[in-house]
Structures are given as C-alpha cells and as structure tokens.
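Take a look at the structure set out below.
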Protein chains: 2
Amino acid sequence: MQTVLVIEDEQDLAELIAFHLEKEGFHPVVVADGLAGLNEARNNPPQLILLDLMLPGMMGTEVLRILKGAEKTAAVPVVVLTAKGEEIDRVVGFELGADDYVVKPFSVRELMLRVRAVLRRNGEAPKPSQMALGPLTIDTEQHLVTVDGEEVQLTSTEYKLLMNLAERPGRVQSREHLLQTVWGYNYIGDTRTVDTHLTRLRSKLGAAGDMIKTVRGFGYKMEQ
Amino acid sequence: MQTVLVIEDEQDLAELIAFHLEKEGFHPVVVADGLAGLNEARNNPPQLILLDLMLPGMMGTEVLRILKGAEKTAAVPVVVLTAKGEEIDRVVGFELGADDYVVKPFSVRELMLRVRAVLRRNGEAPKPSQMALGPLTIDTEQHLVTVDGEEVQLTSTEYKLLMNLAERPGRVQSREHLLQTVWGYNYIGDTRTVDTHLTRLRSKLGAAGDMIKTVRGFGYKMEQ
DNA sequence: TGCTAACTGTCAGTTTTTTGGAAGCTTTCT
DNA sequence: AGAAAGCTTCCAAAAAACTGACAGTTAGCA
C-alpha cells in the first residue's frame, strides 16, 4: 500500500484530496500544519508528499527545504500545491527540489494524474539488494559490506558514500554532486569534507580501497 | 545544444513558443502538421517534442502513438498541448505515453517549466555520451579516453582541450577561441600556452596524436 | 539520567600533480 | 636565406588532493 502524506490546512480541501487518494488506491495521511507534517514524514516516511505551500505557522517552502535536507525524507518525492503567481521556478527547480506542482485552483483529476506520474517515475528503479564489484560485496538489505569475504564496519556516511559510487560504477561524480546526494539536498558545507570521508572509506576498505579512483579536477569514480 | 521539435499548426502560438524556447537556450524546430512532425522527428531526433493534440489532417493522438511506437523516436519525451476537457488520462498515462501535458490556454512560463522539468528527468538517466573517432574513444560519463582500446591518462586541461576539438571534428579552432572555451571567458594568458598543452596532449594520445591537425595561421582541428 | 565511545565536519599542514610561460629549436613559407 | 609560425623542453609556482588532529555532537549503554 502506497502512503501519501497530505500537508494541507484547509480542511475541506484536505478531505477532498484524501477521499480521492483513497479512491485511487492510496493510503492518505492528512496533517494540518508544517510541523506535524515534518514529524509524520520523519517517523513514518510516506511514498509521496503533497504539500500546500500556503501553510499557517511555517512557510511551506521552509517545510520543503527541511524535508529535502533531512536524510530520512530527502528521497521522498514532493508535489506542491501552490497559488498562481508564486515563484514556481524556484520551488520546482534545483533550488528547493519539489518534484512537481499543481496550481490552485486545480481539478482533483489533474492532481491525481500528477501523483500517479511522479510515483511512476520514482518507482521505476527498484534497487538490487546485492552488489558485487571485484573483491567488494554490498548487501543493501542487510546493510553489510564485505571485502574478500571479510565484513567491513562502515559508518552511515561512509556507507552512503560507497553506495553512491558503487551504484554507478565507472561514472565520475563531482564532490558537489556527492555532497548533494549523500549529505542531502541543500546541505551547505565544505567539499573538503568529501575528501576526509573518502580517505576513511578507502582505508576501511583495505584491499578494495583503491577501487575508488580520484579523477583530478572532476571528482571520484568507482572502478568498473 | 538541445533541440525541441514543436508540432503546432497555429502559427502565432508556434512563433511565441519558439521565441521563448530560444530565450531559454534551446534550439526550436517548428513544423505545422503531424506528418511533417513525424518526418522531422525521424530524420533528426530532437531532445524533446512539443505536440499540439489538435492538429489538422492527422489526429494528434495518432501522431503520439506513432512517435511512441517507432524505435527511433520512442525514447524522446513528449509534452502535449491540449484543450480542456480532452481525455488527459489516456494521453499521459501508460496508454499513449506522453511524458507531460499543458492545458490550453496556458502561460508560456508554465510550458517552459514543464519542458525543463521533463528534460531534467530524462537527462538523468542513460546518456551513453560516448564518442568515437577512428582509434580514439571518449566517454564523458566515465571521463575516460582510450586510443586503440588503451586507456590514456589526461589532466583536466588536456581533457577539456580534447573535448573541445573532438566535439566538432573538422572545424578549425583558433588559439584565442580555445583559450576562451577551455580556460574560461576572462582568462588572460599567452596563446603559446595552447601550444604547450597541445603538444602534451598529442604525445599522450600516441597513435591518435596526429588526428589533431595544425592549420598554420589559424589554429587546430580534429581530423574527421 | 549520566557516562562513554563512536561519528562528523572542519581545518591546516603535507604531498602530489598540474600548469603557464620562457627560451631555444624546428619547420614552413616566400 | 630570412622570417614567421609552430614545437618542445624545462622549471618554479599554483592548484588539487590527502591526511591526521581536534572539537562538537550523537548514539548506545549502564
């Protein structure tokens, strides 16, 4: 069952949306303000979030920023509801990271279309639970990494960093890109930090450490 | 340069769209009916197609069906323009395979947003982005250059220089131009520097080194 | 709840690699 | 042959990356 979190303060609208979501086979969870939405999203990450940008208390864009910045919720697609005239570019583009939007007043039908479309896009690539690259083995289900059969203890950051590189072996990823995907959408930090963690990761991986190649001036890549 | 094919019979609207696409940095190609659109799409596949569903002669949905059914064009994302009340579900959903839609009357801004969004989504996935010129192979994703199958280690400047030449084989590029594009717009430096790097590049490329021709008095070019 | 160990991000010193340009040599053209 | 353009070698300076230390934070455990 796919859960959709609806963050919407107008009760009538929220009910209407929930009703239709249910009709479409989703499991809607409705909350009335941004804070509640953040909590719910954190404690029980849904498959998709519908976020009204005009919320009381906390700016909707602020909620969006936090959602995309937090580790647990960064990957959850967000469709925003917005009134005409707001700065959609900023919200949907890279800056805030919404995945789609619907302009008020909208037809419920249109909203459902967008919801389905976004879920379709994001659900397409189910990740394999096991990977093997040379001496390196990653089991995403067990969260287990081995080198030459020996288990390697990685911290969460190291693990995510490794996953990012290993998922697309051969592909060069810039420090900025890694910061975005590993550290979160709008993390602001030193790109040197990536270096540090890379060093730690390499040393922990031992023999497999030099499977991670430095591409000077561009970033890092996993050897194929 | 990203090409967008616009299939639209209302000339005013077509021009408006083309104007804005150009402003956004795309290369618009406009045709007025479905048949011409199919031909153009087949002969010169664009990065995205904007299709008006209300076309004379051939039903827009029919054009869409053919586009999505043909091998060469199936992967090209399509954004449809549609009047309210048409059966959007059918068009956008799995049945016909449009990637997004905009309902007439629409704001140009919204259209551009959708165009950018669709291109972003589709650009993320598999772009083989490989080039081959004789014994030379360049993989931009992996940042890997090979000559006769052997990997060649290039520095960042050498790589950028090679890319500049290889992207437009046959075209002569002046030292000034190369300085601008490789070293940056407001770099101030000696054009002799280009010589130095070219020498290094040629020597590293080994057998493929003399694919880069000197055009005395003008600059350099990549052999076609 | 308080204590401890582990994890993180930042920084600064060190090492490695790249880079730009100078100078002399070679080729090409007239 | 002389001049102009291009090629090559070399080296100091700059850039990029690596690494270890440190302090703040978090998470686990008693």
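So you know, we letter chains A, B, ... as the sequences are listed, proteins then strands, and number each from 1.
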Using OP1 and OP2 only, check whether a side-chain N or O of B:T155 sits under 4.0 Å from C:dT17.
no
Counting just side-chain N and O atoms, does B:W183 come under 4.0 Å of either OP1 or OP2 of C:dG20?
yes
Note: for B:V215 and A:F218 on DNA chain D, the residue whose nearest nucleotide lies more 5' is B:V215
Assign A:Y220 to base, sugar-phosphate, or nothing according to its heavy-atom contacts below 4.0 angstrom with the strands shown.
sugar-phosphate
Sugar-phosphate only, base, or nothing, as touched by A:T199 at under 4.0 Å among non-hydrogen atoms
base
Under 3.5 Å: donor-acceptor pair, side chain of [X], backbone of [Y]:
X      : Y      : result
B:T140 : B:H143 : no
B:Q47  : B:T3   : yes
A:K221 : A:L165 : no
B:R202 : B:I212 : yes

Is a salt bridge present between [X] and [Y], judged by a nitrogen-to-oxygen distance below 4.0 Å?
X      : Y      : result
B:E158 : B:R200 : no
B:R175 : B:D190 : no
B:D99  : B:K68  : yes
A:R171 : B:D139 : no

Please list, for nucleotides 21-27 of chain C, all pairs of protein and nucleotide N/O atoms separated by less than 3.5 Å.
{"from": "C:dG21", "atom 1": "OP2", "to": "B:D190", "atom 2": "N", "distance (Å)": "3.2"}
{"from": "C:dG21", "atom 1": "OP2", "to": "B:T193", "atom 2": "OG1", "distance (Å)": "2.9"}

Return the residues of residues 161-178 of chain B meeting this criterion: a heavy atom under 4.0 Å from some atom of DNA chain D. Order them by number, or give none.
B:R175
Could you give the [atom1]-to-[atom2] distance, from [X] to [N], as a whole number of Å?
X      : N      : atom1 : atom2 : value
B:I212 : D:dG6  : CD1   : P     : 15 Å
A:K204 : C:dT8  : NZ    : C1'   : 11 Å
B:L198 : C:dT19 : CG    : P     : 13 Å
B:L201 : C:dT18 : CG    : C1'   : 14 Å
A:Q153 : D:dG28 : CD    : C1'   : 15 Å
B:E158 : C:dT18 : CD    : C1'   : 9 Å
B:D195 : D:dC10 : CG    : P     : 17 Å

Side-chain contact check for B:H197: nearest option of C:dT19, D:dC7, D:dC18 is C:dT19
Does the cation-pi check pass for B:R168 over B:Y220, that is, NZ or CZ under 6.0 Å from the six-membered ring centre and within 45° of its axis?
no
